[in-house]
Amino acid sequence: MLYRAPRGTSDILPKEQAYWRYMEQKVAHIGQLYGYERIDDPAFEDTRLFARSVGEDTDIVKKEMYTFKDRGGSLLTLRPEGTAPVCRAYLEHGLHNLPQPVKLYYIASIFRYERPQAGRYRQHYQFGYEAIGDDDPALDGEVIDMAWQFFLSVNLRHLSLQLNSIGCKKCRPGYIAALKDYYADHTHQLCSDCKTRLKRNPLRLLDCKKPSCQQIADSAPRSIDYLCPECEEHFSRLKRYLELLDLPFVVNHHLVRGLDYYTKTVFEIQPEGGGAQSTLVGGGRYDDLIEELGGKPTPAIGFAAGIERIILNLKKQNVAIPPIPKPKVFIAYLGDDARDEAIKLTSTLRRGDIGVIEAVGDKSLKAQLRQANTLGVGYAVIIGEQEVKSGTVILRDMTSAEQRTIPPSQLEGLLK
RNA sequence: GUGAGUGUCGCCUAGUGGUCUAAGGCGCCAGGUUGUGGCCCUGGAGAACGAGGGUUCAAAUCCCUCCACUCACCCCA
């Protein structure tokens with residue numbers, strides 16, 4: 001094999017497309033129900049955009065970005081996440097002049113240099129919804145509701161919605177200090193990863209999977225106990241809204257996120273079974289990000305969802321997906337004169353908005369019908385020498401095997 | 001980046017040192033009366049057995065290296 005798709009990437013072949021079209025359709029529909037409009041941004045951006053937003057010290061920036069210099073010498077990076085580009089576009093195009101909040105959604109390929117694994121790829125697709133320009137906790141509720149309703153609408157079941165608040169830049173430092181304090185007494189019991197986390201990113205100590213570390217995390221200080229009055233108020237109102245919305249959330253004190261820009265609300269949705277790479281949705285509030293990128297202080301909230309992982313779960317749960325419609329009719333012919341008729345007829349039907357697959361080459365009628373059968377079309381039209389002479393065609397119903405000889409002009413009406 | 005498992009026609013699989021210039025199923029192509037599919041029958045195309053190197057009289061079968069895939073850690077959607 002000379003060439004293969006690069007590691008961690010994959011071709012989405014026709015037989016998979018039904019899932020993908022279905023996802024797109026649902027994403028657009030939810031967007032429309034909630035008043036979110038689609039935005040598409042470039043696959044690559046100025047490297048600094050991601051370094052600044054995602055955080056210089058995160059794994060994504062430190063070792064997972066596809067970064068390159070273009071021929072003009074600009075340092076560019078294939079987007080490793082979807083939120084920063086949306087914020088950049090918000091600033092670049094002065095979207096703060098629109099009524100706030102501005103509500104946007106995207107479906108985009110995401111690139112991260114990682115070791116591929118179940119539910120993890122170097123190029124994958126995410127969709128996400130972002131509401132920029134207001135700090136009302138009702139917006140947090142709306143966004144979380146969108147994620148939840150999305151899964152209801154595609155019939156994915158057995159999901160768990162996890163919620164936490166990690167505070168803002170006013171109260172988080174106090175919490176992190178308390179956390180470090182607590183962990184200082186347990187350093188010797190920590191796994192080696194956690195020892196580096198303690199220095200680098202103490203919040204991440206909380207979601208280590210090692211049982212021994214989890215025990216320590218279980219009695220660690222909880223972020224919600226250190227919230228400032230504003231964050232506290234925000235969180236309790238959000239919880240009330242989620243109850244109003246009838247969303248079955250659980251507060252998970254160990255839930256933190258891997259990107260630096262999150263503030264206050266963070267949430268995830270995952271299958272109840274759990275398992276590796278299982279998170280379907282991750283999101284939260286990012287009230288400081290726009291300012292960090294050079295705008296005025298502008299609160300915002302959003303989430304991203306991994307499409308491959310969702311499809312994986314749809315398959316696991318045997319969820320039926322609407323098929324992509326096929327052409328209705330196959331046109332078979334015998335002989336050159338018939339072929340001329342077939343070409344004309346094919347074109348007429350297509351112009352009349354009827355999907356047609358026309359035979360090609362010089363195959364036996366048997367071979368042509370075999371092909372029609374394999375393609376799964378509902379009807380076959382057969383044109384032979386006799387039909388050319390009499391100015392008719394044969395219309396064969398592929399399910400019932402009934403066929404009749406008719407003038408071609410009747411075809412359009414019968415196939416509509 | 002770390003660890004484990006796997007690697008034979010498009011897909012699934014047989015084969016564990018000589019009978020393998022590799023077998024079967026699915027799929028594909030064609031034929032089975034003159035212009036007709038789906039079932040059945042027959043035939044055909046399609047792999048030098050991931051790549052390279054070794055051991056041996058002899059390797060798909062043993063050893064080494066590399067590569068790829070899968071899974072887990074890590075990270076995250």
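Every heavy atom of this structure was used, including side-chain atoms; hydrogens, water molecules and symmetry mates were not. The structure presented is a predicted model; accordingly, all values stated were derived computationally and were not measured.
Between the side chains of Ser160(A) and Gln162(A), a donor-acceptor pair is found at a separation under 3.5 Å. For the residue pair Thr67(A) / Thr77(A), a side-chain donor-acceptor distance below 3.5 Å is found, with atom types taken as modelled. Side chains of Asp140(A) and His234(A): a donor-acceptor N/O pair is present below 3.5 angstrom, by distance only.
Interface remark: the Lys62(A) side chain does not form any donor-acceptor pair with the G1(B) base, using a distance-only criterion of under 3.5 Å. On a pure distance criterion of 3.5 Å, no polar donor-acceptor pair joins the side chain of Gln371(A) and the base of G37(B).
Judged by Watson-Crick or G-U wobble contacts below 3.5 Å, the nucleotide A58(B) has no partner. Searching all strands for a Watson-Crick or G-U wobble partner of C9(B) with both distances below 3.5 Å returns nothing. Pair assignment for C75(B) gives none, since no Watson-Crick or G-U wobble pairing has each distance under 3.5 Å. Remark: A14(B) base-pairs with no nucleotide; criterion is Watson-Crick or G-U wobble with both hydrogen-bond distances under 3.5 Å. Remark: C28(B) base-pairs with G44(B). Criterion, Watson-Crick or G-U wobble with two distances under 3.5 Å. Across every strand in view, C20(B) sits unpaired, with no contact that passes the Watson-Crick or G-U test at under 3.5 angstrom. U70(B) and A4(B) make up a base pair, with Watson-Crick or G-U wobble contacts both under 3.5 Å.
One can place CG of Leu369(A) at 14 Å from P of C39(B), the figure rounded to the nearest angstrom. In this structure, Arg370(A) atom CZ and G37(B) atom C1' are separated by 8 Å, rounded to whole Å. At whole-Å resolution of the value, CG in Leu375(A) and C1' in G38(B) are 13 Å apart. Between Gln403(A) atom CD and G35(B) atom P the separation is 14 Å, expressed in whole Å. Distance CG (Asn373(A)) to P (C29(B)): 11 Å, rounded to an integer number of Å. Residue Glu387(A) contributes atom CD, which lies 8 Å from atom C1' of G35(B) at whole-angstrom precision. One interatomic measurement links the two molecules: CG of Asp362(A) to P of A30(B), which rounds to 12 Å at whole-angstrom precision. In this entry the distance linking CD of Gln368(A) with P of C28(B) reads 17 Å, nearest Å.
Separation of the C1' atoms belonging to A14(B) and U55(B) is 26 Å when rounded to the nearest angstrom. Comparing the C1' positions of G37(B) and A30(B) gives an interatomic distance of 15 Å, to the nearest angstrom. For U34(B) and A23(B), the C1' atoms lie 39 Å apart once the distance is rounded to whole Å. Using P as the reference atom, C62(B) and G7(B) are 10 Å apart when rounded to the nearest Å. Comparing the C1' positions of G15(B) and U61(B) gives an interatomic distance of 8 Å, to the nearest angstrom. A distance of about 24 Å separates the P atoms of U13(B) and U21(B), rounded to the whole Å. Nucleotides U70(B) and C11(B) place their P atoms 14 Å apart, quoted to the nearest Å. As rounded to the nearest Å, C28(B) and A68(B) have P atoms that lie 33 Å from one another.
Remark: side-chain polar atoms of Gln368(A) are paired, donor with acceptor, to backbone N or O of Tyr333(A) under 3.5 angstrom.
OP1 and OP2 of G37(B) both lie 4.0 Å or more from every side-chain N or O belonging to Thr374(A).
Aromatic rings from Tyr129(A) and Phe303(A) are positioned such that their centres are separated by under 6.0 Å. Residues Phe150(A) and Phe127(A) place their aromatic rings such that the two centres sit under 6.0 Å apart.
Across all strands, Thr399(A) comes closer than 4.0 Å to base atoms (heavy-atom distances). Within 4.0 Å (heavy atoms only), Ala332(A) reaches no atom of the nucleic acid at all.
When distances are taken from the side chain of Ser364(A) to each of G31(B), G35(B), A68(B), the shortest belongs to G31(B).
Salt bridge annotation for Asp41(A)-Arg88(A): absent, with no cationic side-chain nitrogen under 4.0 angstrom from a carboxylate oxygen. A salt bridge between Glu291(A) and Lys169(A) is present, with a side-chain N of the basic residue lying under 4.0 Å from a carboxylate O of the acidic one.
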Would you give a per-nucleotide map of nucleotides 72-77 of chain B, 5' to 3', where B means the base has a protein non-hydrogen atom under 4.0 Å away, S means only the sugar-phosphate does, and - means neither? BBBBBB
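Within a 6.0 Å radius of CG in Asp336(A), no more than 12 heavy atoms belonging to other residues, nucleotides or ligands are found.
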